[in-house]
Amino acid sequence: MGCLAVIKEDPKNTETIPPIIPRPVSLKTTKDSVTLQRFSHILVYPEIPETRFIADEIKKLLLPVIDIEIAPSVNKGKGRIELKINSKVSENKEGYSLSVSSRRILIEAPSPSGLFYGFQSLRQLLPQDLEKGIEPQNTAIAFVEIEDYPRFKYRGMHLDVSRHFFDAEFIKTYIDMIALHKMNMFHWHLTDDNGWRIEIDSYPELVEKSAWRVDREHENWRDWSPIQPKEEPTYGGYYTKNEIRGVVQYATDRHITVIPEIEMPGHTSEVFAAYPKLSCKGDTLDVVPGSYWPNKDIFCAGNDKVFTFLEKVLTEVIELFPGIYIHIGGDEADKTNWKECQKCQNRIKVEKLKNEQELQSWFIRKTETFLVSKNKKLLGWDEILEGGLAPKATVMSWRGTKGGVESAIRGHDVVMCPTSHCYFDYYQADPETSPEAIGGLTTLKKVYSFNPIPEELNDKEAEHVLGAQGNLWTEYVKTNEIAQYRVLPRMTALAEVVWSPERVTDYDDFYNRLVHLQDRFDVLNWIYAPGSFIVSMQADDKKGGDEFRIVLSSEKPGTPIKFTLDGSTPTVTSSQYTRSFTINKTTQVRAALFIKGNQAGKVSEKTFYFHKAIGKPVEYLIPHKQKYPGKGTLSLVDGLKGTSHYNDGCWQGWEGDDIDVILDLGERTLISKISAGFLESVDSWIFLPTNIAVSFSMEDKEFKNEKTTQLTDAPPDSPPERRTADFSGINELCKYIRIRAKNRKVCPEGHPGSGGKAWIFSDEIIIE
Ligand code: ACM
Ligand code: ZN
């Protein structure tokens, strides 16, 4: 597939530190190395099935070089590989130590899972060719001393097999990918509107009917056309119980827990193709091709037969999956039919519930009671908070981190997978250069910047954050190749986020190691995305002195950036960016990445508007929301205007609060004009301020000579737009300028968010 072609870059900065991902807690190395031919035996203490499995894997990997023996003793003069369970090595049961020296490779760990992770590190020290069964030219392996353990105990990857079906063989490959990254949870989204994928003996029609839909692969997912009269559903598939047992065993061998997800009460319309009486309306539905929205056909919460069905299904699911968690979905259940259903309304009355939200909560709690009786824990999407959380539930926070924060504060365990950083069905680069995705933009660099612990949590609450997970929804993922392309290498970034210590945040360092790991992906025939070739431009907020400096960067440190400042298109002969540079007038910067002399990706361009406050300190009397920080501390005076997109990275946002900032011009300056930029994007709850005031002061910060202005709201249904509040004809000599913009506080009546907090967004305050 042409669009999946990988553009190879030169690995640069050949690292002195062996390039292991996730980066180990501690790694020491020397210039010495030992060749693999030196080793004759693998010794295993104690030899139990789990440790023997790892020894067998090592033996298999080394076979192109040596046929190493797994045995209790070594040949004289030869080196040995030792795998040892040793409880003293790490307090973390998944921790390990790995040492490579002239006669011994030693992996020690308190548990087989630690040994397995030690093996994954060793694997990354070995030549890639071994992965393909080829004898490498160079069989030297560097001396290392590694001490390592994971930061989080939940390190997950999710896969939706309902929107598109992936066979058991590919699921095993996906598990191989998870294993190489030292991740330990596979969340298998087995049921949804587009197909039921697990064999259930008590309800055979689930795989006879609910697993099949009409084939619309040639259409855009959003433009699906419904089933035609007499048309046969031909697209689909399911896993037999034997296949599932095979996958679970394969994962278990690799220290990965498989978490099955059985959706309820919504995202269940496929069930009603086989068992229509379980919905409120009782209509026989076809399994839909394409999107299904809103999700109105959901399980009837007033019908006891629904719970008989679910308990029988879950009983069979529990028999197949030995892990502690059962995921019950819980997301996006539209309550329209519950409002109109006599049985549901009756349930609300009998159970003394307030409304349909509480009915959902009752539904989930009832399911939790059942799961707990089977010694399982309930995991659900953050909607399970609505109407009250089931007592022991673990929450997966996907609609941002808010649900996770709320749950952790209330003492519930949470897994973080906010759409902002963990939805790998989103684009990772310019849509024009990528296979079609569902939308969004979550770059590799953005994933790498994720911290699963939200700043709102104290240390005690943060203990409830078990870790994070990357989610792959598959509306726009039709093939195995695209599935790999979407998650690689973003899951590599996430793997480091969830494994390495919090202090490990240097993207450039990560990227240099990633280039090596991608060579391994090539050998393994794993498809990965080339990533984003966009050049980012911003003010240097680490600058010293009075200059205004601009920094250029990309996701590909080490790849040359060529740039121009005169409006011309950058070419291979344009200036090469080496460090931040100053400007002293309004300047258009144009830049692009060049790989081996050829432009890679599009030319980026930005105009920096030079003005009297550019790069000057800004004091925030009311802080902006952390979620919308714009470009950081200089965002309001970095010379950059935002677009009409609230999440273009230029906008700072305040929720329910006013803007109140003081610009420090550094010295007395004569001011004639001020122009403050605001965003009006009413569908996104972002409104114009109701009043904007500017005032001026000398050194004493006694603000005087206030001037105010108002902006008129655009007519209803206008598209989002950048607007400015302009003050001209000012004649003020001052050192400080205070700008206040009043928030209307709540969304007005008639707006979908009526009564909820209104936002105001600002991008730049231009002072002339
Ligand atoms: C979800 O993305 N609906 C959990
Ligand atoms: Zn009902």
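Because the structure is a prediction, the values reported are computed rather than measured. Indexing begins at 1, ligand by ligand and atom by atom, following the structure's order.
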Completion exercise
Among non-hydrogen protein atoms, atom 2 (O) of ligand 1 lies closest to Y423 OH, 2.6 Å
Handout entry: Salt bridge D167-K172, side-chain N to carboxylate O under 4.0 Å
Key = no
Handout entry: Electrostatic pair E555-K446, nearest N-O below 4.0 angstrom
Key = no
Completion exercise
Contact region, M396 to ligand 1, non-hydrogen atoms below 4.0 Å, reads neither
Problem - Under-4.0 Å salt bridge between K296 and D334 - result: no
Handout entry: Test ring-ring contact (aromatic ring centres under 6.0 Å, His included) applied to W759 and W651, W685, Y628, Y646, the passing residue
Key = Y628
Problem - Identity and separation of the nearest protein heavy atom to atom 3 (N) of ligand 1 - result: D331 OD2, 2.6 Å
Completion exercise
For the Zn ion (ligand 2), angle spanned by C344 SG and C341 SG (nearest 10°) is 110°
Fill in the blank from the handout: ligand 1 atoms nearer than 4.0 angstrom to some heavy atom of E332 are 3 (N)
Handout entry: ligand 1 N/O within reach of H267 N/O, cut-off under 3.5 Å
Key = no
Exercise for the section: Applying ring-ring contact (aromatic ring centres under 6.0 Å, His included) between H327 and each of F186, W381, F321, W188, report the one that passes. Expected result: W381
Completion exercise
Taking the Zn ion (ligand 2) as the apex, SG on C280 and SG on C300 give an angle, to 10°, of 110°
Problem - E475 bridged to R163 by N-O distance under 4.0 Å - result: yes
